[in-house]
Trainee: 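The structure follows.
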Amino acid sequence: MSTVDYKHEMKKLKKNRKRYRPALARLMALRDERAGTAFPFLIEDVGEMLLVLELVDVGYVDPESLIVRKRFGDIASVHYTGAFPLTEAGFRFYRGEGTAARLRSLIGYFFRK
């Protein structure tokens, strides 16, 4: 039976969370830059590929905007189809309208000069 070190896992998730917004920005920029060109676009970097798949798991990226090819149970490649990549929750996070933004606005409201 294996045990899970929750503190370690939470630190990893928080570290990756800092990379979410830049990854979402890259997907949006890719969609805008390649609007008239050929899709699907291959995401070659393994780290970027894993981050995009994590964003799908979190619910920020629409799984319909990606093609995931598997070989022998392993992920062989991830392709971006050019469709709008963000879910509603992903769009709110990308624009900074999540829980942290609401908290900042409340703090700003109560501590105005």
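The figures that follow rest on heavy atoms only: side chains count, while hydrogens, waters and symmetry mates do not. Numbering of residues begins at 1 and proceeds along the displayed sequence.
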Trainee: Quiz question: by atom type and distance under 3.5 Å, do the side chains of Thr81 and His79 form a donor-acceptor pair?
Mentor: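 Judged by distance alone, the side chains do not pair up.
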Trainee: Report the C-alpha distance between Phe84 and Ser65 in whole Å, list the side-chain angles of each, state the deciding distance to 0.1 Å, and finish with yes or no for side chain to side chain contact (heavy atoms under 4.5 Å, CB included).
Mentor: CA-CA 7 Å; Phe84 189 73; Ser65 67; over 6 Å; no
Trainee: Taking Asp62 as the fixed residue, which of Leu86, Leu55, Thr87, Val56 is the one that meets the side chain to side chain contact (heavy atoms under 4.5 Å, CB included) rule?
Mentor: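 Passing option: Thr87.
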Trainee: Testing the basics here: between Pro85 and Arg31, what is the closest heavy-atom pair and its distance to 0.1 Å?
Mentor: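 Shortest heavy-atom separation between Pro85 and Arg31 comes out as CD-CD, 3.7 Å.
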Trainee: Would you say Arg21's side chain and Phe93's backbone share a donor-acceptor pair under 3.5 angstrom?
Mentor: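 At least one qualifying donor-acceptor pair exists.
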Trainee: Linking I/L/V/M/F/W/Y whenever any side-chain heavy atoms sit under 4.5 Å apart, do Ile67 and Leu50 land together?
Mentor: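 Different hydrophobic clusters.
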Trainee: So which pairs with a foot in residues 39-53 pass side chain to side chain donor-acceptor pair (under 3.5 Å), sequence neighbours left out?
Mentor: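 As it turns out, the side chain to side chain donor-acceptor pair (under 3.5 Å) pairs with a partner in residues 39-53, which skip direct neighbours, are Arg26-Glu48.
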Trainee: Quick one: pull up CZ in Arg19 and CG in Leu51 and give me the separation to the nearest 0.5 Å.
Mentor: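 Going from CZ on Arg19 over to CG on Leu51, the span is 4.5 Å.
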Trainee: Could you point out which residue of Val68, Leu24, Leu66 forms a side chain to side chain contact (heavy atoms under 4.5 Å, CB included) with Val52?
Mentor: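 One option only clears the test, and that one is Leu66.
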Trainee: Using the rule that Ile, Leu, Val, Met, Phe, Trp and Tyr join whenever any side-chain heavy atoms are under 4.5 Å apart, tell me whether Val58 and Ile75 fall into a single cluster.
Mentor: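 The answer is yes; both residues are in one hydrophobic cluster.
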Trainee: I need the Ile43 CD1 to Tyr80 OH distance, nearest 0.5 Å.
Mentor: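 Taking CD1 in Ile43 and OH in Tyr80, the distance rounds to 9.0 Å.
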Trainee: Rounded to the nearest 0.5 Å, what's the gap from OH on Tyr60 to CD on Glu88? Could you check?
Mentor: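 Here the rounded value is 12.5 Å.
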Trainee: Do Tyr20 and Glu54 get their side chains close enough for a donor-acceptor pair, meaning under 3.5 Å?
Mentor: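 Looking only at side-chain atoms, Glu54 and Tyr20 do form a donor-acceptor pair, the distance falling under 3.5 Å.
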